[in-house]
There are 2 protein chains.
Amino acid sequence: MHPLQSAGRAPDLTAAHHLLRHAGLRPTRPRLRLAWLLFCQGPRHVSAEMLASEVAATGFAVAQGTIYNALNAFARAGLVREVVIDGERTWFDTHVAPHHHMVDAAGHLHDIPADVVSLGNLPPLPAGQEIASVELVVRLRPK
Amino acid sequence: MHPLQSAGRAPDLTAAHHLLRHAGLRPTRPRLRLAWLLFCQGPRHVSAEMLASEVAATGFAVAQGTIYNALNAFARAGLVREVVIDGERTWFDTHVAPHHHMVDAAGHLHDIPADVVSLGNLPPLPAGQEIASVELVVRLRPK
DNA sequence: ATAGCTGCAAATGCTTTGCAAGGCC
DNA sequence: GGCCTTGCAAAGCATTTGCAGCTAT
């Protein structure tokens, strides 16, 4: 039996292992756990807090700071993308290709395909600068 | 001479006074100062910190907490609009009609007219919810 | 008079950091 | 072995809040 299994299930960490290797990140125990949750399992949109409770639910303890460090490392490596939704917390999206988001009344995120948005003529950009990203957020409220 | 003037200049606070009255906000001394800076003078996009240093520059002391309280009160009254740009700080925009933003490499905001953006078919909204706002942010970087 | 503000300082809440111990190559 | 990570706790920041004293109305 593999030492990393949780109650009853023995998650297959090989995929997560390859992902991390390929991204140039050391496959440490906490990172394997997190990568497994992010890429082989659950939701696409997570906050540090959500990820922390998901890990906890699998029976493993990962320090708060480690979750932030790992998430930032994943983002730097391009495995996840930081998404700005509000000032309350930082969201990470495992879907890294350009697209947009809808925030429902419960605070959950939903993807909006990139091609739903089209841009006309933008005001002139400052000299020597180019577009780094275009992100749209549609906020919903109860009717 | 009006008691609210600063070194050399005597700002005309009557416009600010009317604005506040009309919005149902008591025209107190700090609020008059801030409203004057926001609506009769300077930039359209401010953070609490920027506004604080602008006030300080006019020779008046306004408590940090009061700046936040006032800004939030202005936002509640519809005089300014909160804009989410990044997780670092909260921005307020004196331009309250729907429009979008461009963030240049120096972190400054520029307006993008609402009609530059057009939306195709959004994914279905959750039942009982409607669109509250649509905001787009274009981030720039050095070329 | 009195409900609403201000100032000040303490409290929050998310995120980062410092450092010693441990793990990966 | 050496460098990167983890854990833990402390530090940081932007923002909020509690409370006593002031101020518009």
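As the structure is a computational prediction, the values presented were derived from the model and not from experiment.
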Protein heavy-atom contacts under 4.0 Å, written 5' to 3' over nucleotides 18-25 of chain C as B (base), S (sugar-phosphate only) or - (none), form the string -----BBS
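No salt bridge links A/Glu130 with B/Arg139; every basic N to acidic carboxylate O contact stays at or beyond 4.0 Å. A salt bridge is absent between B/Arg76 and B/Glu82; no separation between the charged side-chain nitrogens and carboxylate oxygens falls under 4.0 Å.
One interatomic measurement links the two molecules: CG of B/Leu32 to C1' of C/dC5, which rounds to 12 Å at whole-angstrom precision. Taking atom CG of residue A/Leu34 and atom C1' of nucleotide D/dT5, one finds them 12 Å apart after rounding to whole Å. If you take CG of B/Asn72 and P of D/dT15, they are 9 Å apart, rounded to a whole angstrom. Rounding to whole angstrom units, CD of residue A/Glu88 and C1' of D/dT15 are separated by 10 Å. Between the CD atom of B/Gln64 and the C1' atom of D/dC13 there is a distance of 11 Å, rounded to whole Å. Atom CG of B/Leu71 is separated from atom P of D/dT15 by 9 Å (rounded to the nearest Å). B/Phe92 places its CZ atom 14 Å from the P atom of D/dA14, with the value rounded to the nearest Å. Taking atom CD1 on B/Ile67 and atom C1' on C/dT6, their separation rounds to 12 Å, with Å as the unit.
The structure places CD of A/Glu88 at 10.5 Å from OG1 of A/Thr90, a figure rounded to the nearest 0.5 Å. In this structure, A/Leu32 CG and A/Thr14 OG1 are separated by 10.0 Å, a value rounded to the nearest 0.5 Å.
Placement of B/Ile85 and B/Val117 in two distinct hydrophobic clusters is found when ILVMFWY residues are connected by side-chain heavy-atom separations under 4.5 Å, directly or transitively. A/Val83 and A/Leu136 are not part of a single hydrophobic cluster, where members link through side-chain heavy atoms under 4.5 Å apart. Cluster annotation: A/Val137 is not connected to B/Leu122 through the hydrophobic network of ILVMFWY side chains, with a link wherever side-chain heavy atoms come within less than 4.5 Å.
None of B/His110, B/Met102, B/His101 except one satisfies the side-chain contact (heavy atoms from CB on, under 4.5 Å) rule with B/Val138; the exception is B/Met102.
Using a 4.0 Å heavy-atom distance criterion, B/Ala61 is classed as a sugar-phosphate-only contact.
Using a 3.5 Å distance cut-off with no hydrogens or angles, the side chains of B/Asp111 and B/His100 do not pair a donor with an acceptor.
At a non-hydrogen distance threshold of 4.0 Å, nothing from residues 45-54 of chain A comes into contact with DNA chain D.
Out of D/dT6, D/dT15, C/dG7, the shortest distance to the side chain of A/Arg31 is found at D/dT6. Distances were taken from every side-chain heavy atom of B/Tyr68 (C-beta onward) to each of C/dT15, C/dG7, D/dT16; the shortest belongs to D/dT16.
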